[in-house]
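Every chain is numbered from 1, with letters handed out A, B, ... down the list of sequences.
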Protein chains: 2
Amino acid sequence: MSKPYQKFKFVAAATDVVIFSLRGEALNVLLIKMKKKPYQGKWALPGGMVKISESVEKAARRHLQAKTGVSDIFLEQLYAFGGEKRDPYGRVLSVAYYALLPYDKSLMLKTTAEYADVRWWPVAKLPALAYDHAEILKTGVKRLRSKLGYTNIVYSLLPRQFTLSELQKVYEIILDQEIDKRNFRKKVGSLGLVKTTGKKRRGEANRPAALFEFTSRSLAVVNIL
Amino acid sequence: MSKPYQKFKFVAAATDVVIFSLRGEALNVLLIKMKKKPYQGKWALPGGMVKISESVEKAARRHLQAKTGVSDIFLEQLYAFGGEKRDPYGRVLSVAYYALLPYDKSLMLKTTAEYADVRWWPVAKLPALAYDHAEILKTGVKRLRSKLGYTNIVYSLLPRQFTLSELQKVYEIILDQEIDKRNFRKKVGSLGLVKTTGKKRRGEANRPAALFEFTSRSLAVVNIL
DNA sequence: ATACTTAGTGTAATATATACACATAGTATT
DNA sequence: AATACTATGTGTATATATTACACTAAGTAT
């Protein structure tokens, strides 16, 4: 039987991953510095081609793991970027994903033959980016902000245990707006987002804060803000 | 310069379009009946390959136009379906879109050499579908329901002018739940979603209803429900 | 013992959402 | 001409959710 698709020239499929984490009181994203032309010296999102025998999501996880060493973190499809001129090498469709990393996890960032450098960048102060990665990143930030408001996604950005002030801070940093402490706690409590652990964070030079954990660590629709 | 992507076997890119419209007081979707094996007799979403020189969205519009004759209707990316076994012919990644068609527009549905039949199906009573199209469709219905609640997307399902009862009916049908008439009108009014035209719908065997139109016909975030 | 800093808590005012019933303006029928 | 019929169009009271706002508590550091 003839394979009908082969009468077309193929459009190739790749994936890029926007890896978010809070670092130093700011929303950061992991970028790699490119060694090769035409984007030599420019920074780019981790990513690469999708192999013929793996699903697109699996490819995203593979590239994520290759650059960061982590697996088993929040990963969700962001958008497929399919413009016909987005890659100067050839026709590549990229399915972008975004990943969220708790701020207590540090990474084994490793340079490779292909990449000169890997590091966190605050999304408010980005360097020049390769390809259409500025657009992908912007889409990712928008999605993250939006999902923060109507899901419990925040669990994937915090350590296992955390104080309510820390939780509030995460919202404040990402949404870039102050939140009233009492109203925030009232809301979080009434939604059943968190549960007490009985433990306290000690060793700080002030009143110790109670430690909480999330009642659920899987994505759920919850109107928080 | 060597093209690095060519050392991989390519994953090909296609697109499928979920075309929604209200027909006979139900949410319907346009499906085509397949002539060829291995899905002979099964129904499928309109779609096909992405050409090497066109963007993915343009490919979606092209396939939409080819099956329905319409252009210039609401079209938005739904999700990229990238499972490695979704197409028995070969490795095809499909970027699915969904389109919304006002219920006053009828289509010139045409069969082709490739397809035996084209018709509307109520989403509540679907036939057996080819590929992973049942999953794509389910994702589309979910997205439509969700977006109905927090955007003005409904404008793309109604005629240019409509009565408030008709508008309410659209929500009731798609969300499959009754809405209080007075509260609905209060909300729609206070959000400035619609404006009066001064005209009335005449010729019905009862009190004539005022005709409205949407204040905006481009997608905006508005909490309606 | 005192200063310092972050944690932790309640209430009143306002805004939003919900529940609910009858008069109105036409056409159709006699 | 009168009456029946049917979908349109409208307001108010109650419950719920959101907002604004200030002081005491529990530790560590001096």
Show every donor-acceptor pair shorter than 3.5 Å between a side-chain atom in residues 146-154 of chain B and any protein atom, with sequence neighbours excluded, or say none if there are none.
unit_1: B:Lys147; atom_1: NZ; unit_2: B:Glu76; atom_2: OE1; d: 3.0
unit_1: B:Lys147; atom_1: NZ; unit_2: B:Glu76; atom_2: OE2; d: 3.2
unit_1: B:Thr151; atom_1: OG1; unit_2: B:Lys147; atom_2: O; d: 2.6
unit_1: B:Thr151; atom_1: OG1; unit_2: B:Ile153; atom_2: N; d: 3.1
unit_1: B:Asn152; atom_1: OD1; unit_2: B:Ala220; atom_2: N; d: 2.8
unit_1: B:Asn152; atom_1: ND2; unit_2: B:Ser218; atom_2: O; d: 2.9

Output the rounded distance in Å from [atom1] ([X]) to [atom2] ([N]).
X        : N      : atom1 : atom2 : result
B:Leu167 : D:dG9  : CG    : P     : 12 Å
B:Asn183 : D:dT16 : CG    : P     : 15 Å
A:Arg185 : D:dA20 : CZ    : C1'   : 17 Å
A:Gln177 : D:dT19 : CD    : P     : 10 Å
B:Phe162 : D:dT8  : CZ    : P     : 14 Å
B:Phe184 : D:dG11 : CZ    : P     : 18 Å
A:Lys187 : D:dA20 : NZ    : P     : 14 Å
A:Arg202 : D:dG27 : CZ    : C1'   : 9 Å

Open item on the list: What's A:Lys181 touching, base or sugar-phosphate or nothing? Going by heavy atoms closer than 4.0 Å.
Closed with: base
Ion pair check, [X] and [Y], cut-off under 4.0 Å:
X       : Y       : answer
B:Asp16 : B:Arg86 : yes
A:Glu84 : B:Lys58 : no
B:Glu54 : B:Arg62 : yes

Task: Nearest-nucleotide comparison on DNA chain D, the residue closer to the 5′ end among B:Asn206 and A:Asn223 - done: B:Asn206
TODO: Let me know, please, whether A:Lys200 or A:Arg182 comes out on the 5' side of the other along DNA chain D by nearest nucleotide.
DONE: A:Arg182
Task: Sequence-distant partners of B:Arg61, salt bridge (charged side-chain N to carboxylate O under 4.0 Å, His left out), two or more places apart - done: B:Glu57
Open item on the list: Can you classify the ring geometry of A:Tyr131 versus A:Tyr39 as parallel (below 30°), tilted (30 to 60°) or perpendicular (above 60°)?
Closed with: tilted
Task: B:Arg201 side chain to B:Ser165 side chain, donor-acceptor N/O pair below 3.5 angstrom - done: no
Open item on the list: Under 4.0 Å from a heavy atom of chain A: give me the 5'-most and 3'-most nucleotides of DNA chain C that qualify.
Closed with: C:dT5 to C:dT11
Task: Polar side-chain contact B:Lys186-D:dT10 base: donor and acceptor under 3.5 Å - done: no
